[in-house]
Amino acid sequence: MENYVCTVCGYIYDPAEGDPDNGIEPGTKFEDISDDWTCPVCGASKDQFEKE
Amino acid sequence: MKNYIIIGNGAAGATAARKIREADSEGSITIFSAEGDPFYYRPRLPDFIAGIVELPKITLQNSDWYASRQIDLHLGEMAAEIDSSAREVRSEKGEVFGYDALLLATGARSFIPPVPGTDKDGVYALRTFDDARSIAAQAEKVENAILIGGGLLGLEAGYGLTRRGLKVKVVEFFDRLLPRQMDLAGAFKLQKMLEEMGFSFYLGARAKEIIGEKAVERLALEDGRVLEGGLVLFSAGIRPNLDLAQQIGLEVDKGVKVDNRLMTSQEGVWAAGDLIEHNGRVYGIWPAALAQGEVAGTNMAGGEALYQGTLMSNSLKVVGVNLTSAGEIDPEGKLPSAVFEAEGGYRKIVLVEGRMAGYIFLGLTRGIKECQAALEQETDVSSFLEEMKEGEFDFSKLIQ
Ligand SMILES: Cc1cc2nc3c(=O)[nH]c(=O)nc-3n(C[C@H](O)[C@H](O)[C@H](O)COP(=O)(O)OP(=O)(O)OC[C@H]3O[C@@H](n4cnc5c(N)ncnc54)[C@H](O)[C@@H]3O)c2cc1C
Ligand SMILES: [Fe+2]
């Protein structure tokens, strides 16, 4: 599974960790996150992420 | 159909708009924004000054985003007046809109201390994109900048200027850097690192007067020293924008008082972001404004959300420095702590009653995540006190 990086703030989404504070379980692939999820650091939308 | 008005299109206001629309696809949403730029990531303004990023790169929601969600965004149009008995907002252009739910998300502005000469050309403070544009333009014309206030935000802005090749002279009232985020040893190390980047420091000093014909030419300090520079940047803290709140008689102390649902003292009027005071605290940080915008937006649209506070952590976004601190940092060196020091790096972990109470990481990043988790869970780490003084300490032990 691949990491994705937020192009606005630099936050890295690591699928192994997920984003549990926002309901994304560890082990969730970036592609499987719902489209209304936003960067937990800056609030950028999912389409503002790139493969690391 | 419900009418929503949001005043301010920053982190709090823009996030609230998103939440309202998610919950209510019908209601009319109107936003007033004093700034002419779309919703952008304010913490990266120093990188714009540095010439590293442009506006589109840090734009979080552009005009299309609002249009496609039928949100009526009035960029560059301030809300001038609220009539809370008629439930109406009048904009500076004289347009009047009625509301069922109103959100004050007016944020904060830079505080400029009463130093004579602040009206001269070349004197700035950094809060908005427009400020950043003016500062970047001036930076093209001068070689020396004077930064008044050596806090995190000031140092980041100053770093932006050093990236442009300017020399930055920092005037700081305290006799050391970052008294709230750093202990003495760490602050000294940080100062050395910054000096190598083009900063120089005037600590324990106070600005007395800005001198210059029409534009700034130099700054006189109280102690008699005089600094040359064609750009003065104030970074002396922020003040919440309370004008509208006061105008309609909301309960205000350090900020606009809100309950856990982020409603103000007036039914139907909500507040979120840098202007609010929640449980006696005024946050002034991005993650708090985002979280508050979510809560306020959800509640305005009829949902149930409670704001539970935001954990404070500080970091200095200066490439090559990597400073992060959180919690109790024991500035006086009185608490049990595990300190590790190496060339270009400093790490301190502070314990209170055996539990993880705070940390400083300077020039080192391995272990921050684990320490933060241990801090949030108030983990008992007393058995690792000695081990943590080793550079190679395996931090995963803290979260097992
Ligand atoms: C240079 C800089 C760096 C920063 N770095 C960090 C960081 O690293 N980490 C961090 O956590 N925080 C940081 N911050 C703080 C963070 O940006 C703020 O906490 C956050 O922007 C607050 O969001 P807000 O929505 O409450 O207010 P704001 O972002 O200030 O937005 C409020 C908006 O309302 C507008 N407004 C005000 N009055 C009216 C009116 N009457 N009518 C219409 N519009 C109005 C304002 O012009 C503004 O656009 C930084 C701030 C700056 C300036
Ligand atoms: Fe981000």
Side-chain angles (χ1 to χ4, degrees), chain A, chain B residues 9-19 21-23 25 38-48 52-62 64-66 68-69 273 285-294 297 308 310-311 313 315 317 319 322 324 365 369-370 372-373 376 399:
Chain A
M1 287 190 287
E2 276 165 308
N3 287 357
Y4 277 72
V5 54
C6 172
T7 57
V8 178
C9 76
Y11 162 83
I12 293 169
Y13 177 79
D14 175 356
E17 288 175 21
D19 178 16
D21 289 346
N22 295 296
I24 311 293
E25 297 292 322
T28 309
K29 273 197 258 173
F30 186 78
E31 295 78 0
D32 294 341
I33 301 176
S34 79
D35 285 339
D36 57 12
W37 176 81
T38 55
C39 172
V41 173
C42 75
S45 58
K46 201 183 156 190
D47 58 19
Q48 285 172 296
F49 279 72
E50 282 171 357
K51 260 186 205 146
E52 199 185 12
Chain B
N9 184 44
T15 304
R18 176 165 58 80
K19 284 313 234 190
R21 186 49 90 218
E22 274 171 27
S25 57
F39 173 38
Y40 59 88
Y41 189 48
R42 206 177 290 290
R44 288 201 71 187
L45 288 178
D47 283 341
F48 174 81
I52 304 171
V53 297
E54 294 292 330
L55 178 60
K57 170 107 175 151
I58 59 170
T59 294
L60 290 164
Q61 290 169 190
N62 60 22
D64 292 345
W65 186 95
Y66 294 86
S68 69
R69 286 165 181 75
I285 53 170
W286 187 270
L290 283 186
Q292 292 162 8
E294 290 207 0
Q308 297 177 314
T310 301
L311 213 92
S313 90
S315 60
K317 301 183 298 303
V319 175
N322 285 323
T324 304
T365 51
K369 237 183 233 175
E370 291 84 352
Q372 179 62 27
E376 282 171 30
I399 50 172

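Within every chain, numbering begins at 1; the chains are lettered A, B, ... in the order of the sequence lines, protein sequences first and strands thereafter. From a predicted model like this one, the values you see are computed outputs, not experimental measurements. Computation of the quantities below employed the complete heavy-atom set of this structure, encompassing side-chain atoms and omitting hydrogens, waters and symmetry-equivalent molecules.
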By a 4.5 Å heavy-atom criterion (distance strictly below it), what part of B/Arg18 contacts chain A: side chain, backbone, both, or neither? side chain

For chain B, which residues from residues 34-52 of chain A have at least one heavy atom closer than 4.5 Å to it? A/Asp36, A/Thr38, A/Val41, A/Cys42, A/Gly43, A/Ala44, A/Gln48

Are there residues of residues 16-32 of chain A whose heavy atoms fall under 4.5 Å of chain B's heavy atoms? If so, which? A/Glu17

Engaged part of B/Leu60 at the chain A interface, taking heavy atoms whose separation is under 4.5 Å: both

